[in-house]
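Some notes on the structure that comes next.
All chains are named by letter (A, B, ...) in the order of the sequence lines, taking the proteins before the strands, and each is independently numbered beginning at 1. What's counted below: heavy atoms across the whole structure, side chains too, no hydrogens, waters or symmetry copies.
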Amino acid sequence: MVEIRIHGRGGQGGVTLAKLIATSRFLQHQSVQAFGLYAAERSGAPVQAFCRFDDEVITNRNLIYEPDHVVVLDPTLVGPTIVGGLKPGGWILLNTEKEPGAFTGDFPHNRVATVDATGIARAHGLGTRSVPIVNTALAGAVGRILGFPLEEMLAALAHLGFGGGNVNAASDAYAAVAMVDAAEPAAPGDGRPKAVRFDRQPGFLTGAGGARPTVATGKWASEQPKRQQYVPPCNHACPAGNDVRGFLQALAEDRTDDALEILLRTTPFPSVCGRVCPAPCMAVCNRVALDEAVNVREMERFAGDHGKVSLVPAERRDERVAVIGSGPAGLAAAYHLALFGYGVTLYEGGSSLGGLLRTGIPEFRLPHETLDREVARILDLGVEAVTGVFIDRERLLSIARTHDAVFVATGLQELRSLRLGVGDDDLVLQGIDFLDQVHEGVAKRLDGEDVVVVGGGNTAMDAARSAVRLGAASVRIVYRRTRAEMPAIREEIEEALEEGVTMDFLAQPMAIQRMAQADGDLGEQHLVCRRMELGEPDASGRRSPVELPGSDYSLACHKVILALGQSPDLSVFPEGTEVREGTKLLGLLETPVYAVGDLATGDGTVAAAIGSGRRSAFHIHQTLTGDVVLTGEEARVRSDVHVWHDEVITADALRLHLFERQPAEAGDPISLGKRQTTFEEIHQGLATPAEAKRCLSCGVCNECDLCVTYCPEGVLKRVGHDLVFDYAYCKGCGICVTECPRNVVFMSHL
Amino acid sequence: MALDIVTGNHAAGHALCVAGEANRNARGAACGIYPITPQTEIVERVAGYAFTKGKVVPVESEHSAMAVTIGASVSGARAFTASSSNGLAYMFENVMVAGFYRLPIVMAAVNRTLGPPWNIWVDQGDTLALRDFPWVQLYASDNQEVHDLTLLAFRMAEDHRILLPVMVCMDGFVVSHTQGETDLATQEQADRFLPELDLPHRLDDANPRAIGGMVWPDATVSHRMDIREAMERVPGVYDECRAAFAGVFGREPGGVLDAYRCGDADTVLVASATIALTTRRVVDRRRAAGEKVGMVKMRMFRPFPEAALREACASAQRVGVLDRDYAAGVGGIWWQDARAAFQGHRPGLVLQDYIVGVGGGDVTPALVDGILDDLGGRDVAGPPHWADMKPATEVDQ
């Protein structure tokens, strides 16, 4: 009887090799056996397989302790133990590129054969590049060293249905195997093997049990998990650069103060933005792929309204910085500069701070007391505010000479207009001016009047809705494109419609006419409008409206409010100055002068203004001190991440099936009746931050610890905030990766 | 002849399938299945077989698998299933029910250690634990025996003198997962060997009735006596089936036990399954050295062949029973039944229990040698001896 022991790693086909050898002998009418030794191994673990063949019927049902020959599928397994019990003079067949002579020193009493079965397997496309299947090649080599004709090995392959490249591999190996004789004769054997008896082992009553810790099963792995992190889409989309995911996760854990602290690293206006931001973060929230976006806006409001944080500015610096304009960009710049320790003087041409936050956004969206609270937080940092001072070019230069840096954040002062022909002075007014009157409390009531508002942006919506509240008999918006192109916040448009504002789309005001009366009275005013259709896209990418001749119609009206958009007033700068965000203007001076906010970008949102002010403040701080300033995700606060991705993670990379569908919490507005007659704040805010629990924490570990729970081996642990892998015992099963809902663990090939 | 190199699982699965197919002109074949290491390949083969008339139902547990198999059998289909270890334990209630319903179900039982602690290797504790139930238990030593006994089991179980389920047991991995040359029955041979199943108490929509409902003690005792009488007929019917098998296949499966070189033996070892093969090799070596030793390979465990065992050991002064199992508080299970068999018959016999290979340890010739050496040194039997633990830690029960 011949006994062969085969050493391989799980997945390499050692058991099948045993069967191939046995089959070749079975087909020659011998009695055969082939079997593997199975335990709890996974692929990659060392595995033994055995075969026997004999002319006599085999009745030996034991393992093979003294093989006649040994075959090794994996070169990394070569060592003294693999030849345990090998009879002197027997073959050792190794899958290796080396020549047999390289091993005769290790195995002096045995015949040594080598063949590059891995190379042959790869050449014939057997298995994969990283896990080639070497057994069919080795079957050919075994046949050669044992003196069987190649045909008999090929017959075994055919009997088991292994065709194609396997046949070539076996043939190549049969021809290629290199053989040398035993270097030295062997000592005679020492008689019958002794019985192996076991030692008593401690049981689980004493805490023992399970796999023996001395076996470092991590060596079985061909890949092991590592940590990665992606950019969440909300963070990427936030114009202010907030760590949206970060503050949401803090709220999800009922840490409202921490949530506010995270927001205050980038924005001084969480309560403001929590009311007025168009929330581009919500538009890209991955949760939309499951049910609906997380109501981030309401959550930012919650943190702003309920969190408590004491801000302590850095030690006071010598440098003095001037900020011109107290809109959100200027205030945000002042806030960050004050936190850095700079002495900041804030100049405002109006009588109160806030810019359009105060004068342009009505109180039913943003109450003044909310704005005052957040402005006070900035002033409490030591910012000196000077109101009622308009800065012209001459004053700007003078300020530049007496400060270490100047930020100009005057926004968009120029209001676009329409030529509508003759009309009463108070018939046509700019929306911005109208809203300013509303803010001052001096806007005239509009009871019984028909009001037309021209435009499709937030100013148009605010003006229209303010007109409703001032008692207008009707309020109609006229917009030259369709609802889909309106730049106003979606919710604002919906709320305006709910409040009874009507909207004429694809209509352009052309002129104001009065219908002369028979008695000489000039009569009612009419706004003549012309119908439009959408043509080719313009520079903004939106399709341009094109007049439809002969489509004019009239709207009776007592007031026409223009909200056609704004553009920057650059007269404060010398002629020919090019204004871009952060541009160092007025190069003749040593003092850096920067344009920030709408003045530089024309973006038109509060969040963008905040981001602009923040980035510019960070930039000047880095310029003046050389310090690099990082916030939130940029700071890479996690220390257990191995790979940082700069890409935004999309919904298809998450395991959404691990989450239950749940609609977003929206909160109820106050009654329609109140909305139409008062300037009371429409939205009351949510009572709890429970909505934040819907945040999926896309691409960033939030310590849900599902991976720790599901690791079958217990080799994953949470230590503080870090996920720690015990690589000595991790077999690379990949369950942690499969169970992670947010793709922060990946398998790394070893 | 259809000789091929296959595993024990393949052999068992093949036998179940051709047996089921042989009933295609009657009520066909049907069963419930559930996988467990090391028998999964059996139910996989059954699930993948294209029965001309049959239904295989994969279910959520072994208990349900046997429930479905019972339902299949009582409707007259040839029914079978497979299990091991804790899965078999989960099946417990319905294993018992199958026997009490007198259903000719055949089960391939691949012996695997019961856990915890977890263990996938061979140990007979799982099937021996079912010894109180009305099932015939047969133990095979190699692939051919698994195949042959499985086919034979259907014929015996379905014989109207028996009508009891039969489990055919094989060692997990050592037989189930070991490739070896095996002659696999052709469908034609199976058709010839297995008549169509005619179940006398078959439930039939055309003649609706109920069986197994509540009865008084007198009917229960009568039911148990029916079972007792069927069990008494098993050895005789078994031998008839062996002869019928030989008529079709040209080879005869072994009897309830094989007495090997026992005629003049003064020491006899009793073993089953693959340990029996190893024991036989040791006996041959010892005989060659002049010792008078023999061995008994047990093939049938239920009903326990008491008389045949006594006869095989007639000349022995010392008998060692090898138990790859342990019944808590008592000792080896084969030994217990052997003790009962010799009760009142051989007062001076040294009948010693050797617990060996529990949990799947490889029972090597060296270990069997050690057992023979120990047995030879005894004049009186002692408590069960744990033969594969080091002597310094010898444990009494």
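- Partners of His177(B) by ring-ring contact (aromatic ring centres under 6.0 Å, His included), not counting sequence neighbours, listed by chain and number: Tyr38(A), Phe173(B).
- Interface remark: Val15(A) contributes no atoms to any contact with chain B (heavy atom separation under 4.5 Å).
- The distance between the ring centers of Tyr729(A) and Trp220(A) does not fall below 6.0 angstrom.
- Among all heavy-atom pairs drawn from Leu157(A) and Asn166(A), the shortest one is CD1-O, 3.7 Å.
- The part of Asp369(B) that comes within reach of chain A is its side chain, from C-beta onward, which places non-hydrogen atoms under 4.5 angstrom from that chain.
- Taking the six-membered ring for Trp and thresholds of 30 and 60 degrees, Phe148(A) and Phe53(A) have ring planes more than 60 degrees apart, a perpendicular arrangement.
- When each of Ile275(B), Val368(B), Thr37(B), Thr274(B) is scored by its heavy-atom pairs under 4.5 Å with chain A, the top score falls to Thr274(B).
- Residue Pro365(B) touches chain A through both its backbone and its side chain, counting heavy-atom pairs closer than 4.5 Å.
- Listed by first and then second residue, the salt bridge (charged side-chain N to carboxylate O under 4.0 Å, His left out) pairs that reach into residues 1-25 of chain A are Glu3(A)-Arg52(A), Arg9(A)-Asp74(A), Arg25(A)-Glu152(A), sequence neighbours excluded.
- Residue Phe50(A): no heavy atom, backbone or side chain, is found under 4.5 Å from chain B.
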